[in-house]
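Right, one structure below, let's go through it.
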Amino acid sequence: MENFRKVRTSEEEMPLPFADLPPDVVEMKVKEGSKIRNLMNFAMAQMELKGRRQIVFSGCGRAVTKTITCVEIMKRKLGGLHQVTKVRYKTVLEVWENQDPPPDGPTQNLTVHKNVPSICILLSRDPLDPNQMGYQPPEPQHEAGEDTAGSSTKGLKRPLPPPCEELLPKKLQVQVSDSPRGTGTTAGQLDH
């Protein structure tokens with residue numbers, strides 16, 4: 001494969017794996033190079049400003065983790081969203097071209113069919129069937145003043161344990177001595 005370079009990649013188109021979706025449902029197709037900020041700005045505008053009731057996030061291959069990240073951000077920002085997750089495989093076609101073709105022959109192409117993991121996540125303001133595979137109910141809403149973690153640290157679900165002295169590395173040893181002028185001088189020594 002060292003003499004070949006990838007010239008084209010295409011995914012097979014598959015219908016969304018959810019029944020009873022409205023025809024105008026917004027599908028956010030997350031790609032490996034997509035910027036989360038751009039995806040979230042568009043998705044939040046659809047749900048908040050345009051009043052959409054449902055949105056679908058989908059991604060395959062290396063974009064699966066980014067897809068899940070977008071969904072978790074949206075659930076945290078909007079709250080009260082029902083979720084159904086479907087995992088499947090998609091076929092991706094890669095076309096590779098020979099960079100060192102024979103002088104008297106045509107260029108040689110190689111087509112590779114890859115099965116890559118794919119994820120589709122439906123988020124809905126309306127209740128969904130809790131008996132279907134992949135369903136997650138909305139997270140419970142907390143009062144504005146209620147402290148869920150027992151700590152004032154924002155974003156943590158549980159408090160961190162207090163630091164242990166013996167686990168902390170010694171970074172600096174300081175020696176103080178009297179100088180002839182009567183002021184203390186310090187000399188630092190780094191411990192690794």
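Keep in mind the model is a prediction, meaning the values are calculated, not measured.
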Taken to the nearest 0.5 Å, the spacing of W96 CH2 from T111 OG1 works out to 12.0 Å

Apply side chain to side chain donor-acceptor pair (under 3.5 Å) to N131 and list each qualifying residue two or more places apart in sequence or on a separate chain. none

Quick one: side chains of residues 12-22, donor-acceptor pairs under 3.5 Å with protein atoms, not counting sequence neighbours, listed by atom name and distance.
from : atom 1 : to  : atom 2 : distance (Å)
E12  : OE2    : T91 : N      : 3.0
E12  : OE2    : T91 : OG1    : 3.3

L110 and F4 have their tightest heavy-atom pair at CB-CE2, 4.1 Å

Do any pairs count as a side-chain hydrogen bond (donor to acceptor under 3.5 Å, both in side chains) and have a residue in residues 62-74, sequence neighbours left out, and if so which ones? E32-R62, E72-K75

Summary of salt bridge (Lys or Arg N to Asp or Glu O under 4.0 Å) pairs that have at least one residue in residues 110-123, sequence neighbours excluded: E94-K114

Can you tell me how far NZ of K50 sits from CG of D24, rounded to the nearest 0.5 angstrom? 10.5 Å

To the nearest 0.5 Å, tell me how far L122 CG sits from S58 OG. 11.5 Å

Transitive ILVMFWY cluster of V71 at side-chain heavy atoms under 4.5 Å: who else is in it? V26, M28, V30, I36, L39, M40, F42, M44, M47, I55, F57, V64, I68, I73, M74, L78, L81, V87, I119, I121, L123

Please name all residues satisfying salt bridge (Lys or Arg N to Asp or Glu O under 4.0 Å) with E27, sequence neighbours left out, ordered by chain then number. none

Clusters formed by hydrophobic residues whose side-chain heavy atoms approach within less than 4.5 Å: which one holds M133, and what are its other members? none

Determine whether more than 12 heavy atoms belonging to other residues, nucleotides or ligands lie under 6.0 Å from atom CZ of R88. yes

Taking C-beta and beyond as the side chain, do V25 and V56 meet within less than 4.5 Å on heavy atoms? yes

Who else is in the cluster with Y89 when I, L, V, M, F, W and Y are joined by side-chain contacts under 4.5 Å? none

Other hydrophobic cluster members with V95, side-chain heavy atoms of Ile/Leu/Val/Met/Phe/Trp/Tyr under 4.5 Å, chained? V7

Among residues at least two apart in sequence or on other chains, which ones pass salt bridge (Lys or Arg N to Asp or Glu O under 4.0 Å) with K86? none

Which residues pass the salt bridge (Lys or Arg N to Asp or Glu O under 4.0 Å) test with E48, not counting sequence neighbours? none

I want to check something: taking the side chain as every heavy atom from C-beta on, are Y135 and Q83 in contact at a cut-off of under 4.5 Å? no

With sequence neighbours left out, which residue pairs that include part of residues 122-137 fulfil the salt bridge (Lys or Arg N to Asp or Glu O under 4.0 Å) condition? R53-D126

For K29, is there an ion pair with E11 - N to carboxylate O distance below 4.0 angstrom? no

Side-chain touch P117/K90, heavy atoms, less than 4.5 angstrom: no

